[in-house]
**Student:** 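My questions all concern the structure below.
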Amino acid sequence: MRYASVIVDLKVSQTDRSFDYEIPHEWRGIIKPGMRVVVPFGSRKLQGFVVEVKDESAVKKVKAIDELLDPTPVLNEELLKLGEWLTESTLCFKITAFQAMLPSALKANYQKELLIHKDRSYEHLHPDIQTLFQKNKKLDLNKACKSPYFHVIQKEIEAGNLEVQYVVKQKTNKRTIKQIKAIASKKELQAFLSKLPKQANKQKRILQFFIENDDPIPLKKLLEEVQCTVSSVKTLIDKKMLLEEEVEVYRDPYEKEHFEKTNPLPLTNEQTKAIQPILASLEKEQHDVFLMYGVTGSGKTEIYLQAIEEVLKKGKEAIVLVPEISLTPQMVQRFKGRFGSKVAVLHSGLSTGEKYDEWRKIDRGEVKLVVGARSAIFAPFQNIGIIIIDEEHETSYKQEENPRYHAREVAIYRGKYHSCPVVLGSATPTLESYARAQKGVYNLLTLTERVNKRPLPTVEIVDMREELRKGNRTMFSESLYTKLKNRLENGEQAVLFLNKRGYSSFVMCRDCGFVISCPHCDISLTYHRFDEKLKCHYCGYEEMMPPHCPDCKSKYIRFFGTGTQRVEEEIAKVLPEARVIRMDNDTTSRKGAHEKLLKSFGRKEADILLGTQMIAKGLDFQDVTLVGVLTADTMLHLPDFRASEKTFQLLTQVSGRAGRHTLPGEVVIQTYVPEHYSIQLAQRHDYALFFQKEMYIRKLHHYPPYYYLVLITVSHQEVTKALSTAEHISLFMKKRLSDKAQILGPVSSPIPRINDRYRYQCMIKYKRESSLYESLKAILKHYQQEMNQTDLTISIDLNPLMLM
DNA sequence: AGCACGCCGACT
DNA sequence: GTCGGCGTGCTC
């Protein structure tokens, strides 16, 4: 095989294809698809992925591969195919798809270095800069630019005395430690020892150590063990008694933690009934998708654990996805406790190096199970036996940048490839998944009871309009306040949720709770401070901000929104004795801060945990007996057709946090629209009825799961350019698609300007459009030059979850 | 992305 | 007459 087809590391459409390179003789038969290489490309060097090796090339002037970066492929055959599929199904570049499947440590780091031209020596250089380049020293070009002698350097480059070299480096490397072992036999060591002079005590101790111990030992440990310094070891190395070698080690983020071994728990009747079909599917090595709908606390995790156990027994591997925010120590504990060192953990809290090490453990088959966030779906296992996605409804499973994939779809792709079951678990499945389960595309497994028959908490809905009428203008209803105070007195804990999303956007009447929504879309209008207008981000409808409530004529109509900080201040006012932990983007941005705060709350160092959605998941504290939702509505009125669904999900998840142990739990939901079905049904824990109602609305308004969506967002520094491009695209799509497809917009994005760029979007609703992908690709192709040269960007999101 | 090639204005 | 502006197009 003489040639290799390589996808180079350039994210532009012109280079989104393979380039042929000659394989140097020494690597023929060694270079395989899926390996990373460094290749010359134009005047530079780039990293690339070999996707094919072949005997012939149609290209005349092929260059040769410069470097081989991997001894074995980093992308196996399956992942290469998956990469192709990702490119096709998300319309991203091939290189983007490949990189998304690998830890970022494997990405290239490009540097330009300055060095003396190979034919010259440093005496040729200007005296001012000679010392910089003595002994073949290299200088980073970026640093050189800042040097006071840069003008001299420039001249030397022109004169050809200095040259610029492009170097491709790996972002993070394997960590190594120095290890010492004996190379002389024990007899020789003994002989050498006896010949040492009396005062060479340390050398003697070291030799003695190696006479008594066979195994190599890390240098650091040896020094500790025999109480000596490096110099004595070095002497013995020089004398050829010992040898120092670099050995690769893993960075282990859980090194210091101890995991209590746990054993399978007896399953309830319901659990047994639910696990049977999964085990049957495993037995038959058959690909099935299971939707496991189980109320909070119904023991889904135990089912996962026992199914995984079967998989491991068969010598196969398992992938478990959990949402990033619930990848807490508590969760990790459950898997590590059951499966010990067979588990790799992948989440964003790890450093690049730590992620790389976990990835390598998976790649080498040293672990059999990975628990991780979205990207763990690309774990390079060879023989997957099961894929589990917990909290299936979580939006974090969809990547919001290219490639815009949904982990659920990738899971199903891999499940098919490996002929293995995929289990989607949730107490509040997405309508899409539940609808598929009802149609029989997925198999539905239902768990209706909590294990140990603990009751679901009682949920009280408080009408905040009533509170206002009573003259209570604080954020806390009388009921919530009393209950909070009561918890403080009893030494119990409370969790308070605030929906930060939807901040200051929707407009609501504080008297009657009326929310102004679009007459065409059944979605709340968004307030635009700039021109005092209310706009719909779906169809473009707009109207002036009314001075009075259109329903009850009250003048207390205003846009709505509040922040966690303000709540914290207010708690301090009304409950000064309460110790509060606030969790939001501000307090959790530092690495490990999230865990630290939760642990602190677990140790009862605070009475109230206050936060946004991020605390809704996976919390399980003994003494939490009260959960308060400050404003259930903020999310309800987001300009998003999934607003009701998200509200229902959040309220249900939140309710699940209270009273998980012996103490019974209470939930207080504060709202201005207590009659809304998503709030009412969350109170009654009635998913089935919610599903029915919501499906009806989706059908009526042509939304998923009845229709598919595509969101095209165009952005540019100039409003007119962004708008006109969006208009062109809209027209083009109208021509290309059937008249059954609806093309809405362009309208300005819910966030009309980001980073001084104006944003417009078009939405396409369709059921079946054979030429859709081709047409979208045509758009990207048509605008490719403009996207390179000017700052036009067009992003295409297939099946979007976020409509911003 | 970076770099070369190429075709029109202000300069020694 | 040339230097250099950045529009256009290519990179195996």
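Keep in mind that the numbers below use all heavy atoms, side chains included, and drop hydrogens, waters and symmetry copies. Here is how names work: the chains are called A, B, and so on, in the same order as the sequence lines, proteins then strands, and each is numbered from 1. Everything numeric in this text was worked out from a predicted model, so none of it was measured.
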**Student:** Return the nearest nucleotide to the side chain of A/K61; candidates are B/dA1, C/dC12, C/dT11.
**Tutor:**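 Among B/dA1, C/dC12, C/dT11, the one nearest the side chain of A/K61 is C/dT11.
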
**Student:** What orientation do A/F98 and A/F49 show, parallel under 30°, tilted 30 to 60°, or perpendicular over 60°?
**Tutor:**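 If you compare the ring of A/F98 with that of A/F49, the planes turn out tilted.
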
**Student:** Can you tell me how far C1' of C/dC10 sits from CG of A/L10, to the nearest Å?
**Tutor:**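 Whole-Å distance recorded here is 12 Å.
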
**Student:** Base, sugar-phosphate alone, or nothing: which one does A/V62 contact when heavy atoms must sit under 4.0 Å apart?
**Tutor:**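 Sugar-phosphate, backbone atoms only, no base.
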
**Student:** Between A/D9 (CG) and C/dC12 (P), how many Å, whole number?
**Tutor:**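 Roughly 15 Å, once rounded to whole Å.
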
**Student:** Can you list everything that forms a side chain to side chain donor-acceptor pair (under 3.5 Å) with A/R360? Sequence neighbours excluded, please.
**Tutor:**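 A/R360: side chain to side chain donor-acceptor pair (under 3.5 Å) contacts with A/E248, A/D357.
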
**Student:** Roughly how many Å is it from CD in A/Q14 to P in C/dT8, rounded to a whole number?
**Tutor:**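 Taking atom P of C/dT8 as the reference, CD of A/Q14 is at 13 Å.
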
**Student:** Base, sugar-phosphate or nothing for A/F41? Non-hydrogen atoms, less than 4.0 Å.
**Tutor:**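 Base, at least one base heavy atom under 4.0 Å.
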
**Student:** List the steps, then state whether salt bridge (Lys or Arg N to Asp or Glu O under 4.0 Å) holds for A/E77 with A/K32.
**Tutor:** CA-CA 10 Å; A/E77 205 180 311; A/K32 295 188 185 82; over 6 Å; no

**Student:** Tell me the interatomic distance from A/E22, atom CD, to C/dT11, atom P, rounded to whole angstroms.
**Tutor:**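 Roughly 18 Å, once rounded to whole Å.
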
**Student:** Among B/dG2, C/dC10, C/dC12, find the nucleotide with the atom closest to the side chain of A/R44.
**Tutor:**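 Ranking B/dG2, C/dC10, C/dC12 by closest atom to the A/R44 side chain puts B/dG2 first.
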
**Student:** Please state how far atom CD in A/Q111 lies from atom P in B/dG2, giving the value in whole angstrom units.
**Tutor:**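 Rounding to the nearest Å, CD of A/Q111 and P of B/dG2 are 14 Å apart.
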
**Student:** Counting side-chain heavy atoms from CB outward, which of C/dC12, C/dT11, B/dG2 is closest to A/T15?
**Tutor:**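 The answer is C/dT11.
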
**Student:** Go through the steps for A/L801 and A/H406 under the test side-chain contact (heavy atoms from CB on, under 4.5 Å), then give the verdict.
**Tutor:** CA-CA 10 Å; A/L801 290 187; A/H406 196 298; 4.1 Å; yes

